[in-house]
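Below is one structure, written out as structure tokens; the observations come after it.
Chain A is the first sequence line, chain B the second, and so forth, proteins listed ahead of strands; every chain is numbered from 1.
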There are 2 protein chains.
Amino acid sequence: MNLKQLSELLGLSQTTVSRALNGYPEVNEDTRERVLRAVKETGYRPNKAAQRLATGKAGSIGLVMPTAPGHQSDVHFGEFLTGLGEEAVRHDFHFVIMPADPDDEVAALRRLAISGNVDALFVAYMRGHDPRLAMLKSLSMPFVVHGRSFGTEPDYPYLDIDNEAAFNDATRLLLQLGHTRFALMNGPAHLDFAIRRRNGVVAALAERGLELAEDCTSHSVMSDEEGLIAMERFLQLPERPTAILCSSTVLALGAIRAVNQAGLKLGEDISLIAHDDVLPLLKPENFSVPLTTTRSSLRAAGVRIAQRLIGTVKQAGPFPEQELWKTELIVRASTGPAPQA
Amino acid sequence: MNLKQLSELLGLSQTTVSRALNGYPEVNEDTRERVLRAVKETGYRPNKAAQRLATGKAGSIGLVMPTAPGHQSDVHFGEFLTGLGEEAVRHDFHFVIMPADPDDEVAALRRLAISGNVDALFVAYMRGHDPRLAMLKSLSMPFVVHGRSFGTEPDYPYLDIDNEAAFNDATRLLLQLGHTRFALMNGPAHLDFAIRRRNGVVAALAERGLELAEDCTSHSVMSDEEGLIAMERFLQLPERPTAILCSSTVLALGAIRAVNQAGLKLGEDISLIAHDDVLPLLKPENFSVPLTTTRSSLRAAGVRIAQRLIGTVKQAGPFPEQELWKTELIVRASTGPAPQA
DNA sequence: AATGGCTTCCAAAGCGCTTTCAAATATGTA
DNA sequence: TACATATTTGAAAGCGCTTTGGAAGCCATT
């Protein structure tokens, strides 16, 4: 059943039926009702491809999913997606997901944009000096970035958490507890959040004349395995760090295993603060020693970004172009006074 | 730049250019090269919406993502998606993801199918007597199901693992080790895999004249929290089970925390076998007591299903309609002889 | 009766592609 | 040379929708 058939059935023109369906004012209310009733009865659904061809709008937002053989699937990605979805479903929007090799991000994003399959783009996994930004700006397609790109003028629409402040605060707390030997277990070095978190730590330490040693910094994918490996390395240092900052509760999972295996006590021998993305699977309060965390819900961020994106497509703005969310510092049992040497 | 402009530029008809691009044989090789070169230079990309309208093919596979405020995002889902993506990217396919309330699955799937945005459907989270199957069959759109639907004639295309055999084998192993008091920590009761796994356990026990007690069975979302809760319940039973079968390593995570908190030793006081979906985040060999598991890679299943789906759309079949994968039973340290009473 | 302004509807022109059908040219055969 | 057969190209008709530019009918106003 297509528009032509439906209009013939009703003895109306396609024009009128189309207008009736799309809520245009210049159609008699009686006629509109007649049309709506016929739609119900016949089960007519407009062909999306035709609609898109005619209007240019697709009712969908696009995103690139980093993937490759051997590439780790990321819980954070799934959690964020859930947030996006939660909002999208309210507006009858869907996603178009373009899987792409992480090294091919720029090209994949461009392909997605010009594919004509999406009205707006969402971009994550921001890097320092991210090359995608220039491309996005040249595209004249609405987009929102999750995170920011260190070293780039922040004149693009983004939603980010204040990573620097979060890790600055966390470091300060540990300094107040008397710690002097710090280590940072971070995400991949090129990612924006990793850069900023490191800066936050370094700045807080510098105020006390302390430095973050090279061998007390690790950069890796945020899996528990990598957390284990990094922590084992830290624990073997001659001047073992007593204060650990950790970019994810997933990393912390492995780190804590290393602490236990070394026969050390979390919150006594080693203090640890992790960033908590509020993953439903990994609640810091459920750890055997509940974790002190900097918290910000990844999922809530997803909801918010979907709101902005969909709102922009539907011209339902205006939305703030830049949003910087504060994180909460939640003190639990994994932090304690520095052990006496 | 559209086809018309490109063809005018080349002094050719749209027909010829279109044919050259789509690999039709009836075009001179010199002409084809000229066209291809012009495409490179101009950066021309065919409009997907128009292409779709003309051909009816969208180059995409659709799936419904269960989501709702408060709904847990599922690591298993993300991992599977990664597998699908890995294969899709090789064929320049993408996904259209329709987020939907889990209670609205049938309708959401239908909406997705008739949206005209997808060429094929993928369906997961199968239930017993799943109502989506009848709908799918009536749709005349290719689809592949991950899992099966207990109680329904298996005459639809699926890929499943042999859940019954997996849990049957696991139970047998524990029986051989002398265990007599069993508990099953399962996924949501209405899901197909949960039904079959339970059947596998029950059948193995029945051979020895044993039964699986009602209070030794738990059904829940597969999170570590639920694992903890279920295990705590098991441990408080007067006749405490010594052999635990567990539907996911995620559940096991919580279960083991409960075991530890109770001061019991895994592999001695309590034996546990979990099903391992090969989540990169949760490797059973990395548990403090390495886990005995039944293993089957969720991601590999994703790759395979994408292959079949894309192959069908591209008419590159024939593919087997039904595939049942065996799981591997991998014995590690979490299983040991039943403790003497 | 003529004019103008509303309201309500329609015919037809796209949107950018694919594909059918036909024509033009090149090649081979008797 | 004449004819049949490949090979290569093109004109035009869709695909199913939206939207422009009228037009018809109706009313109130001059």
Exercise. Looking only at N and O atoms, is any donor in the side chain of B:R52 or the base of C:dG16 less than 3.5 Å from an acceptor on the other one?
Worked result: no

Exercise. Can you check the B:M1 CE to C:dC15 P distance for me, whole Å?
Worked result: 15 Å

Problem set entry | Polar pair under 3.5 Å, donor/acceptor by atom type, side chain B:R34, base D:dT9 | no

Problem set entry | Whole-Å distance separating the CG atom of B:L6 from the P atom of C:dT18 | 12 Å

Exercise. Looking at A:Y125 versus A:F80, is the centre-to-centre ring distance below 6.0 Å?
Worked result: no

For this session: Using a 4.0 Å heavy-atom cut-off across all strands, classify A:T15 as base, sugar-phosphate, or nothing.
Result: base

Exercise. Is B:R299 salt-bridged to B:E86, going by a charged N under 4.0 Å from an acidic O?
Worked result: yes

Exercise. Do the side-chain N or O atoms of A:Y24 get closer than 4.0 angstrom to the phosphate oxygens (OP1, OP2) of D:dT19?
Worked result: yes

For this session: Using whole Å, report how far NZ of B:K48 lies from P of D:dC15.
Result: 22 Å

For this session: Check the distance between D:dG14's P and B:L53's CG and give it to me in whole angstrom.
Result: 14 Å

Exercise. Can you check the A:R19 CZ to D:dG16 P distance for me, whole Å?
Worked result: 21 Å

For this session: Give a yes or no on this: more than 12 heavy atoms of other residues, nucleotides or ligands lie within 6.0 Å of atom CZ of A:R32.
Result: yes

Seminar exercise, completed: B:K4 NZ to C:dA13 C1', in whole Å, measures 12 Å

Problem set entry | Nearest-Å distance for atom pair CG/P, residues B:L3 and C:dT19 | 13 Å

Exercise. Nearest nucleotide by nearest heavy atom, which residue falls closer to the 5' end of DNA chain C, B:E26 or B:P46?
Worked result: B:P46

Problem set entry | Residue-phosphate contact under 4.0 Å: A:T16 side-chain N/O, C:dC9 OP1/OP2 | no

For this session: Examine C:dG16: is either OP1 or OP2 under 4.0 Å from a nitrogen or oxygen in the side chain of B:N2? Give yes or no.
Result: yes

Problem set entry | B:T15 versus B:S18, side-chain donor and acceptor atoms under 3.5 Å | no

Problem set entry | Heavy-atom side-chain contact between A:L3 and A:V17 under 4.5 Å | yes

For this session: Calculate the interatomic distance between B:Q51 atom CD and D:dG16 atom P; express it in whole Å.
Result: 17 Å

Seminar exercise, completed: Winner on side-chain proximity to B:A50, out of C:dG16, C:dT20, C:dT18, is C:dG16

Exercise. Does OP1 or OP2 of D:dC15 have a side-chain N or O of A:N47 closer than 4.0 Å?
Worked result: no

Exercise. Given D:dT18, is OP1 or OP2 found less than 4.0 Å from the side-chain N or O atoms of A:Q14?
Worked result: no

Exercise. Counting just side-chain N and O atoms, does A:N28 come under 4.0 Å of either OP1 or OP2 of C:dT8?
Worked result: yes

Problem set entry | Presence of A:S18 side-chain N/O under 4.0 Å of D:dT18 phosphate oxygens OP1/OP2 | yes

